[in-house]
Asker: 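So that we are looking at the same thing, I have put the structure below in structure tokens.
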Amino acid sequence: MIKRTFPQSRLRRTRMKGSLRDLVAENHLSTNDLIQPIFIADQTEKKIEIPSMPSIYRHNLDSLYAETEELINKGIKSVAIFPAIDAAKKDKNGSHAFDDKNIVCLALKGLAERFPEVIKIADVALDPYTDHGHDGVLVDNNVDNDQTLELLQDQAMLLAQSGADVLAPSDMMDGRVRVIRNILESNGFVDTVILSYAAKYASSFYGPFRAAVGSSANLGKASKKTYQMNFANLDEALHETAMDIEEGADIVMVKPGTAYLDVVHAIKCEFQIPTFVYQVSGEYSMLQLSIEKGWLDKDVMLESLLCCKRAGADAILTYAAKQIASELNS
Ligand code: PBG
């Protein structure tokens, strides 16, 4: 880097006016960068607020369509769907995941008919459907990798047939991207995108999400540390990502976001492929609650998202997408 000396260089010069700061800004955030995660449930009420996630709701199908319309009007063009499944429908192997009348399949079909241009992202993982809350098949109290893969490929096919544009394997089983890519190719779904949660850490920041989808009660004190990554590791994230790309991932994702931006940066520099960040439920709730209490200025949300871009993220899944879009448009 060139050597700059004072007073020939006064770095404050380009900070003196807002429009000048905008001209020299190195990174930008726009609605093109934002993906809205949406919780859905089979419920009669249109929408129910989620206690652990201020200003975020669980929607029924009618309300999902209304919400999507609102998002489109604000310039958001991608949604990620997450279901809260009735406890009575959960079982050991998550069999409701393979029912083409489940709420996710219905939502994908309904969205595909009404909003063909909207990018519909669906998680490939069993945890919303299992009565133990884990992402895979339990054998002797261990999540069995290879038996889980058998189920994941079927779930992936069903989601693609229901209208998902993007499949997002989120369970961190080894080899899942390959089996999903193979089944898509052999069934003619050659354009279905795989967004792999390549570096997903075993994180306590997922707490509010698990409460929202009802998996925390099932999971109890059990952890996901035998499949999600140890938050002490960075090299391992690069290995995970390299393998997912080799297995057929089009886009890779790091999760959580804010505390893991070194991982985003390392992945983007190493692989130069589309790299997304998931600003997860706990991160959102910490910031949003503080904003609503008046403890933090509302600009903190935009700051946290722009910092994801600076780290190298191409797009961000964030519960604040709709609200930030309103700010960006105003
Ligand atoms: C499920 C899944 C989780 C999240 C997204 N998909 C939770 C988990 O792994 O336990 C977390 C998202 C969030 O916290 O916002 N496999």
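The first residue in the sequence is number 1, and the count goes up from there. Start at 1 and go down the list; that is how both ligands and their atoms are numbered.
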Asker: D314 versus K268: any side-chain heavy-atom pair under 4.5 Å?
Answerer: yes
Asker: Could you identify the single nearest non-hydrogen protein atom to atom 8 (C) of ligand 1 and state the distance to 0.1 Å?
Answerer: K224 NZ, 3.4 Å
Asker: State, yes or no, whether a side-chain contact exists between H134 and L219 at a heavy-atom distance under 4.5 Å.
Answerer: yes
Asker: Decide side-chain contact (heavy atoms from CB on, under 4.5 Å) for S290 and V300; before the verdict, give the C-alpha distance in whole Å, the side-chain angles of both, and the deciding distance to 0.1 Å.
Answerer: CA-CA 10 Å; S290 298; V300 74; over 6 Å; no
Asker: What's the spacing between L296 CG and M286 CE if we round to 0.5 Å?
Answerer: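 These two atoms lie 9.5 Å from each other.
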Asker: Tell me which protein heavy atom sits closest to atom 15 (O) of ligand 1, plus the residue, atom name and distance to 0.1 Å.
Answerer: Y319 OH, 2.6 Å
Asker: Which bit of D135 is near ligand 1, meaning a heavy atom under 4.0 Å away: side chain, backbone, both or neither?
Answerer: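 D135 to ligand 1: side-chain contact only, backbone stays beyond 4.0 Å.
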Asker: Starting from atom 1 (C) of ligand 1, what is the nearest protein heavy atom, named by residue and atom, and what distance separates them?
Answerer: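 Going by distance alone, atom 1 (C) of ligand 1 is nearest to D127 OD2, 2.9 Å.
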Asker: Give the residue and atom name of whichever protein heavy atom lies nearest to atom 14 (O) of ligand 1, and the separation in Å to one decimal.
Answerer: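 Protein heavy atom at minimum distance: S281 OG, 2.7 Å.
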Asker: Can you check which of F209, Y206, Y197, F39 brings a heavy atom nearest to atom 3 (C) of ligand 1?
Answerer: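 Looking at heavy atoms only, F209 sits closest to atom 3 (C) of ligand 1.
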Asker: Are the aromatic ring centres of Y129 and F98 under 6.0 angstrom apart?
Answerer: no
Asker: Which protein non-hydrogen atom lies closest to atom 10 (O) of ligand 1, naming both residue and atom, and how far is it?
Answerer: R210 NE, 2.6 Å
Asker: Heavy-atom distance to atom 6 (N) of ligand 1: which of V280, D123, T318 wins?
Answerer: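 Selected option, by shortest heavy-atom distance: D123.
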Asker: Contact between V79 and L111 at the side-chain level, heavy atoms closer than 4.5 Å - yes or no?
Answerer: yes
Asker: Among all protein heavy atoms, pick out the one at the shortest distance from atom 2 (C) of ligand 1; state its residue, atom name and that distance to 0.1 Å.
Answerer: K200 NZ, 3.4 Å
Asker: Examine Y260 together with F231 and report whether their ring centres are nearer than 6.0 Å.
Answerer: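 No, the ring of Y260 stays outside the 6.0 Å limit from the ring of F231, centre to centre.
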Asker: Identify, for atom 5 (C) of ligand 1, the protein heavy atom at the shortest distance, and state residue, atom and that distance.
Answerer: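 The closest heavy atom on the protein side is K255 NZ, 2.6 Å.
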Asker: Suppose I only count heavy atoms of Y278 and a 4.0 Å limit; which atoms of ligand 1 are within that range?
Answerer: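 Listed by number with element, the hits are 12 (C), 15 (O).
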Asker: Run the salt-bridge test on D171 and K224 with the 4.0 Å N-O cut-off and return the result as yes or no.
Answerer: no
